[in-house]
Amino acid sequence: MRTTVGIIGAGPAGLLLARLLHGAGIDSVVLESRDRAYVERRQRAGILEQGTVDVLRAAGAGERMDREGLRHDGIELRFARRRHRVDFPALTGGRSVMVYAQTEVCKDLIALQLADGGPLLFETEALAVEGAGGDRPRLRFRHGGAGGSEDVLECDYVAGCDGFRGVARRAVPDGRTFERTYPFGWLGILADAAPSHDELVYARHDRGFALLSMRSPSVSRLYLQVPADTDAGDWSDEEIWDELERRFETDDDWTLRRGHITQKSVTPMRSHVHEPMRHGRLFLAGDAAHIVPPTGAKGLNLAVGDVVTLARALVHRVATGSEELLDAYSATCLRRVWQAERFSYDLTTLLHRAPGATPFDDRLQVARLDRIASSRAAETDLAEAYTGFPIG
Ligand SMILES: Cc1cc2nc3c(=O)[nH]c(=O)nc-3n(C[C@H](O)[C@H](O)[C@H](O)COP(=O)(O)OP(=O)(O)OC[C@H]3O[C@@H](n4cnc5c(N)ncnc54)[C@H](O)[C@@H]3O)c2cc1C
């Protein structure tokens, strides 16, 4: 088998890259280790920055998103029983975000890719990237599970879009990793309950952080800060709702709507960047190169920024023969990645209560939130970062 760009992974990064290349007339093959149903059901991100929304529309994947997604013009910060709304369009010259689940983004991109006959092979696991430093990289892969057959895909370029636990990163020698793990995680639930607020609510409480989000007008997504080693099964549904109620408490008559919990899981919190994001003809994109704690809703949006930059560079290479943009790929992406890392870290430490935090730390957090609520400059900084850093 031969292709111009071999793509490992059918997450948002790999699927979107395939679409962008297809639109530019460049052929690619996507290898995905899991089956289609698994990829389409994997619950993860749900907040699309303005730039991501624009990219998906331009790639022809915006129709259902525009119909079913929920445009959000702000978020609420909740602390010391008070509520403060951050108005994105007023602070950023009209920018907003879209609530549209990652599962739906993937479904839309998969449907488009298959409709165009684009090679997208499920249950096909990349085992290794070979020869990335030369001019004929190869992807060794196995089709059909553990006992399946092995084959090789010869490529001009390889895009490692295989997430945090994939194989591509291992093929980048002499890389450097920058990492921080946090002593807490998020217990996340999906519930059949209409959202209790029409925008996301980020709550800082002495008992820990809580986030109110949503997937649709009838499905709520809620999170509680919990110790890192928590087992989701240790929390009964009633305990979860009671704790959410405590952390969202206000001095007005706001109430939390409860409903049947359909999914429960714990997400660890980690910051991780691998540099460089390129080795020869292998390019890392998305979670394969970097992870952010989910607080700033940046993971999916960073993946989109990477593949837009990569597609642009590959199109430039094919059209002009120049490697200039490919050579700049890693540095271009890392500038944006580190801004997202900084923002995600700031927001995480602003809102979560670290084990061993003192009353002094608590007062500082509230003072930092007060500053955002009372200074247009501080609030604008938050709104600009939340709605997204420019791509490229
Ligand atoms: C539990 C969880 C919750 C999250 N919540 C949020 C959130 O609320 N907000 C937010 O912004 N971000 C969130 N994220 C992060 C966000 O989902 C990721 O940043 C995003 O999925 C990155 O997309 P990606 O395509 O780079 O990687 P992925 O989505 O991880 O896709 C990688 C794909 O590669 C496939 N793959 C892996 N290895 C191989 C192989 N060897 N061969 C072939 N295929 C392979 C995987 O099966 C997968 O389909 C969350 C992540 C997790 C894990």
Side-chain angles (χ1 to χ4, degrees), residues 6-18 29-49 52 97-103 105-106 109-110 120-129 139-143 145 148 153 158-171 185-188 190 200 202 211 213-215 221-223 232 263-272 274 277 283-307 310 333 337 340-341 343-344 347 386 388:
I7 300 175
I8 317 175
L15 289 167
L16 180 60
L17 178 61
V29 174
V30 184
L31 309 181
E32 166 57 50
S33 56
R34 313 302 293 247
D35 63 25
R36 180 176 179 179
Y38 181 90
V39 172
E40 292 188 340
R41 275 204 297 263
R42 191 169 37 197
Q43 283 296 330
R44 287 187 168 178
I47 310 292
L48 309 183
E49 292 172 356
T52 298
V97 295
M98 178 83 84
V99 176
Y100 190 61
Q102 180 168 329
T103 47
V105 173
C106 288
L109 290 169
I110 288 170
L120 166 50
L121 309 178
F122 290 103
E123 297 178 79
T124 304
E125 182 186 4
L127 302 172
V129 184
L139 279 177
R140 199 154 48 75
F141 66 90
R142 182 170 53 213
H143 187 73
L153 176 64
V158 174
C161 303
D162 47 351
F164 188 59
R165 303 191 187 285
V167 293
R169 198 168 60 242
R170 280 182 239 149
W186 280 11
L187 171 62
L190 265 184
L200 272 73
Y202 287 79
L211 172 62
S213 178
M214 60 286 293
R215 285 292 180 257
R221 180 95 168 123
L222 295 128
Y223 301 92
Q263 225 184 80
K264 219 191 281 189
S265 61
V266 174
T267 306
M269 308 275 280
R270 179 187 281 123
S271 303
H272 175 111
H274 185 88
M277 290 171 59
F283 297 84
L284 302 180
D287 279 18
H290 41 70
I291 297 280
V292 283
T295 326
K298 291 285 170 239
L300 166 62
N301 295 293
L302 279 181
V304 168
D306 289 351
V307 296
L310 182 54
C333 291
V337 166
E341 291 287 351
F343 173 66
S344 304
L347 204 58
Y386 197 95

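Worth knowing before you read on, the calculation uses all heavy atoms, side chains too, and leaves out hydrogens, waters and symmetry mates. One-based numbering, in listed order, for ligands and for the atoms of each.
- Ligand-side atoms of ligand 1 in range of Lys298: 11 (O), range being under 4.0 angstrom from any heavy atom.
- Glu341 contributes atom CD, which lies 9.0 Å from atom CD1 of Ile291 (distance to the nearest 0.5 angstrom).
- Note: Leu200 CG to Tyr386 OH = 5.0 Å, rounded to the nearest 0.5 Å.
- Here the side chains of Arg221 and Leu190 are in contact, with some heavy-atom distance below 4.5 Å.
- Near Gly166, meaning under 4.0 Å from any of its heavy atoms, are these atoms of ligand 1: 38 (N).
- Using a 4.0 Å cutoff on heavy atoms, Leu127 does not count as a contact of ligand 1.
- Here is the list of ligand 1 atoms found below 4.0 Å of a heavy atom in Gly286: 26 (O).
- Rounding to the nearest 0.5 Å gives a distance of 9.5 Å between SG of Cys161 and CG of Leu16.
- The shortest N/O to N/O separation between Ala288 and ligand 1 does not fall below 3.5 Å.
- Note: an N/O pair closer than 3.5 Å links Ser33 and ligand 1 by distance alone.
- Heavy-atom contacts of Thr124 reach the following atoms of ligand 1: 43 (C) (cutoff under 4.0 Å).
- Ranking protein heavy atoms by distance to atom 1 (C) of ligand 1, first place goes to Thr267 OG1, 3.7 Å.
- When each atom of ligand 1 is checked for a heavy atom of Arg42 under 4.0 Å away, the hits are 46 (C), 47 (O), 48 (C), 49 (O).
- Contacts between Cys161 and ligand 1 below 4.0 angstrom, taking non-hydrogen atoms only, involve the backbone exclusively.
- Among all protein heavy atoms, the one lying closest to atom 42 (N) of ligand 1 is Ala126 N, 2.9 Å.
- Here's the thing with Ile8: none of its N/O atoms is less than 3.5 angstrom from an N/O atom of ligand 1.
- When only non-hydrogen protein atoms are considered, atom 16 (C) of ligand 1 lies nearest to Gln102 OE1, 3.6 Å.
- Here the side chain of Asp162 pairs no donor or acceptor atom with the backbone of Ile8 at under 3.5 angstrom.
- Of the protein's heavy atoms, Ala13 N, 2.9 Å lies nearest to atom 25 (O) of ligand 1.
- Distance from atom 8 (O) of ligand 1 to its nearest protein heavy atom, with residue and atom name: Ala45 CA, 3.7 Å.
- From the protein, the heavy atom lying nearest to atom 28 (P) of ligand 1 is Arg44 NH1, 3.4 Å.
- Using a 30° and 60° split on the angle between ring planes, Trp186 and Tyr223 fall in the tilted class, from 30° to 60°.
- Annotation for ligand 1: atoms under 4.0 Å from non-hydrogen atoms of Gly9 are 33 (C), 34 (O), 35 (C), 44 (N).
- Residue Glu32 holds the heavy atom nearest to atom 47 (O) of ligand 1 of all those in Gln43, Glu123, Arg142, Glu32.
- Here OG1 of Thr295 is found 7.5 Å from OH of Tyr202. Values are rounded to the nearest 0.5 Å.
- Looking at atom 23 (O) of ligand 1, its nearest protein heavy atom turns out to be Pro12 CD, 3.5 Å.
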**OP:** Could you give me the CA-CA distance, side-chain angles and deciding distance for Leu120 and Leu15, then say whether side chain to side chain contact (heavy atoms under 4.5 Å, CB included) is met?
**Re:** CA-CA 9 Å; Leu120 166 50; Leu15 289 167; 4.0 Å; yes
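- No heavy atom of Arg165 sits closer than 4.0 Å to any atom of ligand 1.
- Remark: side-chain polar atoms of Glu32 are paired, donor with acceptor, to backbone N or O of Arg34 under 3.5 angstrom.
- Put simply, the side chain of Asp287 never gets that close to the backbone of Gly166: no donor and acceptor are under 3.5 Å apart.
- With values rounded to the nearest 0.5 angstrom, His274 atom NE2 is found 12.0 Å from Arg170 atom CZ.
- With a 4.5 Å cut-off on side-chain heavy atoms, Val105 and Leu48 count as touching.
- Salt bridge present: Lys298 and Glu49 bring a charged side-chain N and a carboxylate O closer than 4.0 Å.
- The closest heavy-atom contact to atom 37 (C) of ligand 1, among the options Asp162, Val39, Ile291, comes from Asp162.
- What sits closest to atom 31 (O) of ligand 1 on the protein, heavy atoms only, is Gly11 CA, 3.4 Å.
- Near Arg34, meaning under 4.0 Å from any of its heavy atoms, are these atoms of ligand 1: 47 (O).
- Residue Asp287 touches ligand 1 through backbone and side chain together, judged by heavy-atom distances below 4.0 Å.
- The ligand atoms of ligand 1 that sit less than 4.0 angstrom from a heavy atom of Gly163 are 27 (O), 30 (O), 32 (C).
- Remark: the backbone N or O of Ala45 is paired with a side-chain donor or acceptor of Gln102 at under 3.5 angstrom.
- Residue Met277 holds its CE atom at 11.5 Å from CZ of Arg169, rounded to the nearest 0.5 Å.
- With a 4.0 Å cut-off on non-hydrogen atoms, Asn301 does not touch ligand 1 at all.
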